[in-house]
Amino acid sequence: MQVGSNEVVIGIDSSTQSTKAVAVDVATGTVLGEGRAAHTVSGGAARESDPREWWRALGQAVAATRYAERAAAVSVGGQQHGLVTLDTDGEPVRPALLWNDVRSAPQAAALVAELGRDTWAQRAGSVPGASFTAAKWAWLRENEPEAAARTAAVRLPHDYLTARLSGAAATDRGDASGTGWWTPEGYDLDLLARLGLDAAMLPTVVEAGKAAGEVLAGTGTGLRPGTLVAAGTGDNMAAALGLGLAPGRPVLSLGTSGTVYAVTRGRPADPSGTVCGFADALDHWLPLACTLNCTLAVDRTAALLGLDRQAVEPGGTAVVLPYFDGERTPDLPYASGLIHGLRHDTTGGQLLQAAYDGAAYSLLAALDQVLVAGGEQIDPGTELLLIGGGAQGKAWQDTVRRLSGRPVRIPAAGELVALGAAAQAAALLTGERADEVARRWGTSAGRLLEPLPKDDAALERIADTLHRSGSLFDQPTV
Ligand SMILES: Nc1ncnc2c1ncn2[C@@H]1O[C@H](COP(=O)(O)OP(=O)(O)O)[C@@H](O)[C@H]1O
Ligand SMILES: O=C(CO)[C@@H](O)[C@H](O)COP(=O)(O)O
């Protein structure tokens with residue numbers, strides 16, 4: 001196809017809190033229409049969502065773009081790792097277990113003990129934590145054996161939505177690499193046997209650049225039957241596509257999860273488990289560290305203090321480790337929030353700033369490890385691309401500048417996950433690579449914020465508090 005023929009694609013981001021859709025002009029990258037619809041996530045110890053709610057939200061978000069009928073191709077980026085279990089009719093057996101549900105921590109620990117950290121890192125690229133799909137499936141078998149027995153198919157969130165659109169049992173290498181049972185050579189049959197999972201229950205891994213299928217008749221989304229459906233991918237892989245990332249360029253994403261990652265030429269294999277050795281959606285890798293407590297934890301702290309989320313104040317000695325949901329980086333699934341260093345003159349604004357600092361600290365501490373794991377150079381002068389909902393907030397921007405000492409670029413394009421999905425859909429039409437499409441669209445352009453002097457004192461205070469928190473975080477709080 002000739003680029004420039006007014007074709008439109010739709011990219012979808014089915015994330016933890018909401019679904020966002022963008023309709024994009026393939027030739028120019030102009031966003032023609034946008035839509036958004038919220039989901040619910042259960043509270044208490046569990047983090048679960050009904051996959052059928054994602055599907056309804058997808059329909060609403062796509063309709064709101066007003067371009068559903070014009071779209072020539074569509075693609076779904078989705079929150080990683082979630083365990084979707086389907087029965088023989090393709091209906092969810094139970095709500096999906098999400099990436100931030102830490103009840104599967106004991107099962108993750110047992111899996112790691114069984115094979116050893118080095119073997120996991122070499123085979124799966126990652127040492128699985130509670131977030132990984134393998135740990136969630138092990139949790140289900142142990143805690144709800146009847147639900148596991150009724151499961152005929154296991155899917156990731158984006159696979160479920162791709163199947164509702166196209167009928168295809170399809171996934172991609174990027175999202176599959178977050179299961180724990182994917183290797184570059186295919187599914188790890190030995191591991192699947194240990195998990196009591198038949199490879200026939202899993203989707204086919206679609207080659208990069210190929211379609212998963214076509215939109216079925218009667219989806220109720222407004223998309224025309226026959227519209228091409230790309231393979232989709234995990235949300236972080238989609239954002240990497242959406243930014244058109246060249247290898248070695250670091251990204252910090254501030255959303256429900258905090259993530260730090262880079263596309264790399266080398267395959268990561270970090271036995272410490274800090275860096276997940278994901279595949280990207282093309283032919284490279286995506287070493288990534290992820291926190292469970294990011295924008296929601298900071299917003300909750302602001303609400304507890306009765307402050308606006310921007311009402312931070314400098315100074316003071318307070319440290320907040322905002323591990324409200326347990327934590328993944330550092331690996332402390334049983335942790336809860338901790339405040340240390342309060343004085344009579346500590347202000348609410350300082351305490352709020354300490355929550356921002358505590359949330360950003362773990363991500364920035366992992367940044368160099370991410371680059372090293374993928375064999376890329378560390379250059380402290382290289383700009384950090386800041387994306388996700390939090391990147392719009394000045395307090396987040398200044399916190400990242402102060403704690404990283406790096407220049408920070410804020411891409412003007414919002415919704416980079418949905419844009420990456422759109423680029424993947426567009427690539428089906430133009431024959432380009434999806435990252436080339438995004439570069440042609442100029443999606444990473446945006447304001448450059450100069451670095452601030454690195455606040456080593458704050459970083460040391462947080463590291464010291466974390467180091468000394470010891471047994472407080474070893475077991476669930478009673
Ligand atoms: N201007 C802002 N300042 C700080 N945080 C913001 C701002 N706008 C949105 N957010 C935060 O962004 C989060 C949503 O980010 P997003 O990347 O869309 O989430 P998700 O990871 O679910 O896709 C919300 O939790 C909200 O707290
Ligand atoms: O688990 C991870 C990465 O490994 C998370 O980044 C999820 O992919 C959820 O993403 P958001 O809903 O925050 O976008």
Side-chain angles (χ1 to χ4, degrees), residues 12-20 34 36-39 41 47 49 54 57 61 77-83 96-102 104 125-126 128-133 135-136 156-158 174-175 177-180 233-240 242 251-261 273-279 286-303 308-312 325 327-329 352 355-356 359-360 363 366 370 386-400 410-411 414-418 420-421:
I12 295 156
D13 170 9
S14 175
S15 286
T16 313
Q17 298 186 66
S18 64
T19 300
K20 306 141 206 180
E34 294 188 67
R36 172 189 284 261
H39 325 133
V41 178
R47 291 287 178 275
S49 292
W54 301 334
Q79 55 174 308
Q80 290 183 242
H81 308 296
L83 176 74
L97 295 162
L98 305 190
W99 61 280
N100 52 353
D101 189 326
V102 292
S104 40
S126 306
S131 295
F132 278 64
T133 329
K136 304 206 170 292
L156 290 164
H158 105 262
D175 215 5
S177 68
T179 57
T233 191
D235 55 3
N236 291 292
M237 295 79 196
V251 179
L252 190 68
S253 173
L254 304 169
T256 310
S257 63
T259 59
V260 61
Y261 56 87
T274 300
V275 179
C276 302
F278 298 142
L286 199 78
L288 176 149
C290 175
T291 59
L292 300 186
N293 300 283
C294 193
T295 53
L296 289 180
V298 168
D299 285 357
R300 181 74 191 123
T301 307
D308 180 86
R309 59 156 80 107
Q310 306 297 347
V312 291
D325 273 339
E327 196 33 84
R328 170 165 158 188
T329 309
L352 179 58
Y356 276 95
L363 293 166
V370 160
L386 194 63
I387 66 166
Q392 300 308 317
K394 184 170 177 345
W396 271 116
Q397 294 168 0
D398 289 347
T399 300
V400 172
I410 318 288
E415 307 311 342
L416 285 150
V417 175

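Read the numbers this way: they start at 1 and go in the same order the structure lists the ligands and their atoms. None of these values were measured; they are calculated from a predicted model.
- Each of the following atoms of ligand 1 lies closer than 4.0 Å to a heavy atom of Gly388: 17 (O).
- Gly393 CA, 3.3 Å is the protein heavy atom nearest to atom 3 (N) of ligand 1.
- For ligand 1, one of its N or O atoms has an N or O atom of Asp299 under 3.5 Å away.
- The Gln310 neighbourhood of ligand 1 comprises atoms 3 (N), with distances under 4.0 Å to a heavy atom of that residue.
- The shortest N or O to N or O distance between Ser18 and ligand 1 is not under 3.5 Å.
- The distance from ligand 1 to the heavy atoms of Leu296 drops below 4.0 Å at these ligand atoms: 25 (O).
- Every atom of ligand 1 is numbered from 1 in the order shown, and the set under 4.0 Å from a heavy atom of Thr256 is 19 (O), 20 (P), 21 (O), 22 (O).
- The closest approach between any non-hydrogen atom of Cys290 and ligand 2 is below 4.0 Å.
- The closest protein non-hydrogen atom to atom 2 (C) of ligand 1 is Arg309 NH1, 3.4 Å.
- Taking any N or O of Gly389, backbone or side chain, at least one lies under 3.5 Å from an N or O belonging to ligand 1.
- Of the N and O atoms on the side chains of Thr295 and Trp396, not one donor lies less than 3.5 Å from an acceptor on the other residue.
- Of all atoms in ligand 1, numbered sequentially from 1 with element shown, those under 4.0 Å from a heavy atom of Ser15 are 20 (P), 22 (O), 23 (O).
- In terms of protein heavy-atom proximity, atom 18 (O) of ligand 1 is closest to Lys20 NZ, 2.7 Å.
- When hydrogens are left out, the protein atom nearest atom 6 (O) of ligand 2 is Ser257 OG, 2.8 Å; that is the closest non-hydrogen contact.
- Looking only at protein heavy atoms, the nearest one to atom 25 (O) of ligand 1 is Thr295 OG1, 3.0 Å.
- Near Gly255, with a cut-off below 4.0 Å to any heavy atom, the atoms of ligand 1 are 15 (O), 17 (O), 19 (O), 21 (O).
- Counting only heavy atoms of the protein, atom 12 (O) of ligand 2 lies nearest to Thr16 OG1, 2.4 Å.
- Nearest to atom 10 (O) of ligand 2 among the protein's heavy atoms is Asp235 OD2, 2.8 Å.
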